[in-house]
Protein chains: 2
Amino acid sequence: MSDPALACCTPLSGTAMSAEQAEQVAPLLKALADPVRLRLMSLIASSASGEACVCDLNDAFDLTQATISHHLKVLHSAGLLDREKRGVWVYYAVRPAALRAVAGLFETAVPA
Amino acid sequence: MSDPALACCTPLSGTAMSAEQAEQVAPLLKALADPVRLRLMSLIASSASGEACVCDLNDAFDLTQATISHHLKVLHSAGLLDREKRGVWVYYAVRPAALRAVAGLFETAVPA
DNA sequence: GGATGACATAGACAGGCGTCGATGTCTGAA
DNA sequence: TTCAGACATCGACGCCTGTCTATGTCATCC
């Protein structure tokens with residue numbers, strides 16, 4: 001798979017989604033469907049600079065550094081996070097396109 | 001838990017979500033994070049009457065009736081589907097409030 | 001009452017997932 | 001060169017999940 005985050009924008013309502021579309025979007029939801037990963041995404045997305053250092057993320061949880069690293073890898077592999085190494089530190093940033101793909105599932109399904 | 005679908009509306013960006021909020025929303029995403037369940041939701045949401053009979057849903061998949069029943073139970077337990085028995089048939093309908101809770105995660109995160 | 005059909009439940013199996021401790025890799029400083 | 005720190009990877013463990021077959025429950029029709 002090249003870029004999972006390219007799955008896009010077939011809302012739940014309207015016309016039924018195809019099996020292929022479901023197979024594309026499900027991994028994104030699966031990556032988000034964990035409390036720790038949700039908080040990781042939230043922490044990164046809500047940081048002032050739009051990115052966060054792994055060292056800071058580790059401190060926010062009562063989990064091993066290996067576990068946090070694993071969750072970040074899952075989010076990165078799903079295409080939800082960008083990874084950039086700067087010196088000794090590694091910074092993760094959310095990929096808006098990926099979030100938009102997931103949001104597309106619900107937008108017309110839930111008219112305000 | 002009484003009603004999982006009551007978890008609501010803390011977007012990913014903005015301020016970081018609490019551990020409790022993450023624990024509330026994650027089960028909703030986990031219920032949706034499966035290709036079969038995504039298609040089930042889509043089929044039900046996109047049907048003209050807003051609901052669907054299990055007999056029709058079974059035909060849309062190459063899976064056992066027991067497996068479809070299992071997936072419907074997962075979605076129902078998560079609060080994403082309403083269940084109503086009418087005579088011999090059982091109809092499922094999407095709960096807009098539950099979908100709205102999930103959509104709230106992404107709305108401000110993705111300004112149009 | 002008995003048969004049939006729609007749906008749920010139970011039990012079993014393989015595979016995936018979250019977590020950990022231990023170890024590896026790379027960078028910057030002494 | 002050596003050391004220390006930041007992060008990733010490995011291997012292992014228990015648990016959860018998706019699927020199946022078999023069986024149960026309930027409503028309808030004869």
Side-chain angles (χ1 to χ4, degrees), chain A residues 1 4 19 22-44 47 49 51-78 80-93, chain B residues 1 4 19 22-44 47 49 51-78 80-93:
Chain A
M1 70 205 94
E23 301 275 356
Q24 276 190 321
V25 184
L28 291 179
L29 289 171
K30 190 167 292 188
L32 288 171
D34 179 276
V36 174
R37 291 200 287 268
L38 265 183
R39 286 183 63 202
L40 281 170
M41 289 291 292
S42 173
L43 280 171
I44 298 172
S47 73
S49 55
E51 59 182 11
C53 172
V54 177
C55 55
D56 295 330
L57 296 174
N58 277 330
D59 297 345
F61 296 86
D62 212 26
L63 293 170
T64 307
Q65 172 261 329
T67 299
I68 299 298
S69 185
H70 162 72
H71 284 304
L72 288 170
K73 180 179 183 174
V74 170
L75 291 169
H76 177 60
S77 300
L80 289 162
L81 287 182
D82 271 330
R83 197 184 101 99
E84 187 185 357
K85 183 162 188 174
R86 289 207 287 273
V88 185
W89 295 282
V90 174
Y91 290 82
Y92 283 91
Chain B
M1 69 203 93
E23 300 275 355
Q24 276 189 320
V25 185
L28 292 179
L29 289 171
K30 191 166 291 190
L32 288 172
D34 180 277
V36 174
R37 291 199 287 269
L38 265 184
R39 287 183 62 202
L40 282 171
M41 290 291 292
S42 173
L43 282 171
I44 298 172
S47 73
S49 55
E51 61 183 10
C53 172
V54 177
C55 53
D56 294 330
L57 296 174
N58 278 330
D59 297 346
F61 296 86
D62 212 25
L63 292 170
T64 308
Q65 173 263 329
T67 299
I68 299 298
S69 184
H70 161 71
H71 284 304
L72 288 170
K73 181 178 183 175
V74 171
L75 290 168
H76 177 60
S77 300
L80 288 162
L81 288 182
D82 272 330
R83 198 183 101 102
E84 188 186 356
K85 182 163 189 173
R86 289 207 288 271
V88 185
W89 294 282
V90 175
Y91 290 81
Y92 283 92

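Convention: sequence-line order gives letters A, B, ...; per-chain numbering from 1.
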> So does A:Asp62 have more than 12 non-hydrogen atoms from other groups sitting under 6.0 Å from CG?
Replying inline: no

Can you figure out which of [options] approaches the side chain of [X] most closely?
X: B:Val54; options: D:dC7, C:dA8, C:dG18; answer: C:dA8
X: B:Val90; options: D:dC7, D:dG5, C:dA8; answer: C:dA8
X: B:Cys55; options: D:dT19, C:dA10, C:dC7; answer: C:dC7
X: B:His70; options: C:dC7, D:dA27, D:dG18; answer: D:dG18
X: A:Val88; options: D:dA6, C:dA22, D:dG18; answer: D:dA6
X: A:Cys53; options: D:dC7, D:dT17, C:dT27; answer: D:dC7

>> Does A:Gln65 contact D:dA8 through a side-chain donor or acceptor facing the base, at a distance under 3.5 Å?
In response: yes

>> Applying a 4.0 Å non-hydrogen cut-off, can you work out what B:Leu63 is touching in the nucleic acid: base, sugar-phosphate, or nothing?
In response: sugar-phosphate

>> Under 4.0 Å, counting only non-hydrogen atoms across every strand here, what does B:Tyr92 touch: a base, just sugar-phosphate, or nothing?
In response: sugar-phosphate

Within the pair [X] and [N], is there a side-chain N or O less than 4.0 Å away from OP1 or OP2?
X: B:Lys73; N: C:dT9; answer: yes
X: B:Arg83; N: C:dA8; answer: yes
X: B:Thr67; N: D:dG18; answer: no
X: A:Thr64; N: C:dC20; answer: yes
X: B:Arg37; N: D:dG18; answer: yes

> With B:Tyr92, which of B:Leu75, B:Leu40, B:Leu80, B:Ile44 fulfils side-chain contact (heavy atoms from CB on, under 4.5 Å)?
Replying inline: B:Ile44

Contacts table for residues 81-90 of chain B: side-chain donor-acceptor under 3.5 angstrom, sequence neighbours left out:
from	atom 1	to	atom 2	distance (Å)
B:Glu84	OE1	B:Arg86	NH1	3.0
B:Glu84	OE2	B:Arg86	NH1	3.4
B:Arg86	NH2	B:Glu51	OE2	2.6

Interatomic distance, [X] [atom1] vs [N] [atom2] [rounded to whole Å]:
X: A:Leu38; N: C:dG18; atom1: CG; atom2: P; result: 12 Å
X: A:Arg86; N: D:dC7; atom1: CZ; atom2: C1'; result: 15 Å
X: B:Leu32; N: D:dG18; atom1: CG; atom2: P; result: 12 Å
X: B:Asn58; N: C:dC7; atom1: CG; atom2: P; result: 7 Å
X: A:Arg39; N: C:dG18; atom1: CZ; atom2: C1'; result: 16 Å
X: A:Asp62; N: C:dC20; atom1: CG; atom2: P; result: 8 Å
X: A:His71; N: C:dC20; atom1: NE2; atom2: C1'; result: 11 Å
X: B:Leu75; N: C:dA8; atom1: CG; atom2: P; result: 12 Å

>> Does any part of the side chain of B:Lys73, heavy atoms only, come nearer than 4.5 Å to the side chain of B:Ser69, both counted from C-beta?
In response: no

> Would a 4.5 Å heavy-atom cut-off, applied to side chains only, mark B:Thr64 and B:Asn58 as touching?
Replying inline: no

> On DNA chain C, nearest-nucleotide positions of B:Leu72 versus A:Lys85: which is more 5'?
Replying inline: B:Leu72

>> Return the CZ to CG distance between A:Arg37 and A:Leu72, rounded to the nearest 0.5 Å.
In response: 10.0 Å

